Amino acid sequence: MTKALMWFRYDLRLHDNLALLAASDFDEVIPVFIYEKTNSATTASDWWLHYSLEALAESIKSRGGSLIIRQGNPQLIIEELMNTFQIDALFFNRSLLSKDVLLEQELVEKYSTKTTYVKCFDDRLLFYHHKIVTKNQTPYKVFSSYWKIAKLQYITFPQNKNSSFSKDTFDSLALDDLKLIDNHHWMKKFGAYWTPGEQQAIQKFEDFIEQDLASYNKLRDFPGKQGTSDMSPYLAWGNISIRSMWYRVKRFIDEQPEHADAADSYLRQLAWRDFAYEQLAQFPDLDRVPVRKAFQHYPWAFDEDLFTAWKTGQTGYPLVDAGMRELWETGIIHNRVRMVVASFLVKHLRIPWQYGYDWFKETLVDFDTANNAMGWQWVTGSGIDAAPYFRVFNPTGQAQKFDSGALYIKRWIPELKDVPPDVIHSPQKYVAAHQISYPQPIVDHATARKLALEGFEHIKKH
DNA sequence: GAGACCTTTTT
DNA sequence: AAAAGGTCT
């Protein structure tokens, strides 16, 4: 009787999971999840984790096993489990977070013995990045060049195999012991918008393919329309396999070649996630330190009240406020609006991007270190292949362009529900004219833009 | 080393 | 039409 320990991490699913696939060659699979965080503040991402674990535990149970849930230092817990049960092999997928690199290496080195096999898999991304390099063998710094090469790579075909989960009972915490959800908190609303878990992920993606993929490139930039797939939180916790998404889209292209352009633009978006992890690997502190060092000298002007206005959707710029309220209500922000609110924080308010990163970390159900770190640095202009620093999004211009009928704005700002779109798009006028309880713009666009650009002039010397 | 190119723009 | 600098071939 051989036993494999399967350590679940950011791969909370049974289908097309490389580590689990390897474990399934053993007579018995013992599945464990280890929650590492020890502080008590719970985040939107924890909310997603809770229900993902619930779904995973249920799937494992229906196959006769039981998911072991633990909290603490993974190395100690794995050591304990391996010593307690006669484990023949340990399998897990790489997390790709900088903090885990050493741990993963150590586990493979320390626990591999003549009788125990330990292996760590690359399961989270589409591409093997050591293969995607420039002619000088260096990692790409420009996405378009990266994508040109990446799209030609072979991607491992999805594979599934039924695992025999161990029927023994193990010492485990109850899911509720992790205290991942707080139903008195803002997150109690999320259930109205989301159902985490593997089955939901697969079904939701199938619905997107059938209903929305063909018009993806036309609609994805319009937050008032149903154009995006909203798969990001499922990907963040690995409720779905990225490879299965890739091949599902490829199948769609085969079946409906007339929609190949739309489908390609979706695949390109998936590749951005890979590119973000590539950057995190190159710059382990991508989430805190600007890649372009000159940005350490930017004359930031942190103001607590302005920051609070941004967080609570009270800036007086309707598209910014709609985005921040959508975030608070649902745990997600439409991609187009995400860029606008981020640009507003960094350039109009001149608040360091790390504050925005931290707020997103707390409130996004799709929080992902690499995507967010890259995104904030892109908006700031401090990143690799970033938006030029002089590009300051005009929040009302963006609203006119991408939410001309103000459908999205009205969805999230009830105060404006009876205001005509053209009035919404001229923020200086409508409050006085319509006697609405909605704030005046907290900063003047032209002035803020000028100050932001002056700030960038200042760091050029460095 | 020249030239093409650059996710998401602005006034 | 201009802002403007780096990356890649």
Side-chain angles (χ1 to χ4, degrees), chain A residues 132-152 216-225 227-229 232 261-276 278-279 282-283 290-295 298 317 319-320 323 333-348 353 370-404 408 425-426 444-462:
Chain A
I132 306 175
V133 287
T134 66
K135 291 221 161 118
N136 297 328
Q137 304 297 308
T138 55
Y140 276 102
K141 292 185 168 148
V142 167
F143 179 76
S144 53
S145 314
Y146 170 88
W147 174 233
K148 231 182 267 175
I149 304 301
K151 69 201 287 191
L152 306 173
Y216 177 72
N217 54 348
K218 286 206 179 65
L219 299 185
R220 69 183 195 88
D221 255 333
F222 299 93
K225 300 181 175 163
T228 56
S229 66
S232 51
D261 283 354
D264 274 339
S265 69
Y266 189 81
L267 294 179
R268 190 182 160 96
Q269 294 303 310
L270 293 185
W272 268 97
R273 177 168 164 278
D274 267 59
F275 192 53
E278 163 82 46
Q279 291 187 21
Q282 280 183 66
F283 301 95
V291 174
R292 293 175 202 270
K293 295 287 177 266
F295 279 79
Y298 189 83
Y317 284 93
L319 188 59
V320 174
I333 312 185
H334 187 278
N335 176 56
R336 164 61 50 182
V337 186
R338 226 178 265 219
M339 293 187 282
V340 175
V341 302
S343 174
F344 189 86
L345 182 78
V346 172
K347 300 193 175 173
H348 286 76
W353 60 270
N371 283 341
N372 274 274
M374 178 185 70
W376 279 100
Q377 295 227 32
W378 182 86
V379 163
T380 303
S382 65
I384 307 174
D385 197 21
Y389 67 82
F390 49 81
R391 186 175 292 171
V392 179
F393 281 76
N394 180 331
T396 51
Q398 289 282 309
Q400 279 164 346
K401 221 165 165 179
F402 298 105
D403 193 31
S404 59
Y408 174 80
H425 294 319
S426 9
D444 171 64
H445 169 67
T447 314
R449 179 171 200 277
K450 193 160 159 279
L451 285 170
L453 293 175
E454 279 170 17
F456 292 115
E457 285 304 319
H458 177 258
I459 64 173
K460 271 191 192 167
K461 301 175 208 88
H462 294 279

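Everything numeric here is computed off the predicted structure, so don't read it as measured data. We name chains A, B, ... by the order of the sequence lines, and we start the count at 1 in each one.
Reading DNA chain B from its 5' end, the first and the last nucleotide to sit under 4.0 Å from a heavy atom of chain A are B:dC6 to B:dT11.
Using a 4.5 Å heavy-atom cutoff, the side chains of A:Arg268 and A:Phe143 are in contact. You'll find the side chain of A:Phe393 stays beyond 4.5 Å of the side chain of A:Val346, heavy atoms only. Taking 4.5 Å as the limit, every side-chain heavy atom of A:Val133 sits out of range of all side-chain heavy atoms of A:Tyr140. In this structure the side chain of A:Phe295 reaches within 4.5 angstrom of the side chain of A:Thr380, judged on heavy atoms. For the pair A:His348/A:Pro395, a side-chain contact is recorded, criterion being any heavy-atom separation below 4.5 Å from C-beta on.
The closest donor-acceptor contact from the side chain of A:Asp403 to the backbone of A:Tyr408 lies under 3.5 Å.
If you check every strand for non-hydrogen atoms under 4.0 Å, A:Gln398 touches sugar and phosphate atoms only. Note on A:Arg292: only backbone sugar-phosphate atoms sit closer than 4.0 angstrom, heavy atoms only; bases stay farther off.
Scanning residues 142-150 of chain A for heavy-atom distances under 4.0 Å to DNA chain C yields A:Val142, A:Ser145.
The residue from A:Tyr146, A:Trp147, A:Trp378 that alone fulfils the ring-ring contact (aromatic ring centres under 6.0 Å, His included) condition with A:Phe275 is A:Tyr146.
Across all non-hydrogen atoms, the minimal contact from A:Ala262 to A:Ser265 is O-OG, 2.7 Å. In terms of heavy atoms, A:Gln377 sits closest to A:Ser382 at OE1-OG, 2.9 Å.
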| task | Give DNA chain B the dot-bracket treatment, 5' to 3': Watson-Crick (N1-N3 with N6-O4 or O6-N4) or G-U (N1-O2, O6-N3) under 3.5 Å, [ ] crossing, | other strand. | result | .|||||..||.
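Taking atom CZ on A:Phe275 and atom C1' on C:dT7, their separation rounds to 10 Å, with Å as the unit. To the nearest angstrom, C1' of C:dC8 lies 14 Å from CD of A:Gln137. Going from atom CD1 of A:Ile132 over to atom P of C:dT9 covers 13 Å, rounded to whole Å. Rounding to whole angstrom units, CD of residue A:Glu457 and P of C:dA3 are separated by 12 Å.
Taking atom P in both B:dT11 and C:dA4, the straight-line distance is 16 Å, to the nearest Å. Comparing the same atom, P, in B:dT7 and in C:dA2 gives a spacing of 22 Å after rounding to whole Å.
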| task | Show your working on side-chain contact (heavy atoms from CB on, under 4.5 Å) between A:His425 and A:Thr396 and close with a plain yes or no. | result | CA-CA 6 Å; A:His425 294 319; A:Thr396 51; 5.8 Å; no
| Candidate pair A:Ile384 and A:Phe283, rule side-chain contact (heavy atoms from CB on, under 4.5 Å), full reasoning | CA-CA 10 Å; A:Ile384 307 174; A:Phe283 301 95; 3.1 Å; yes
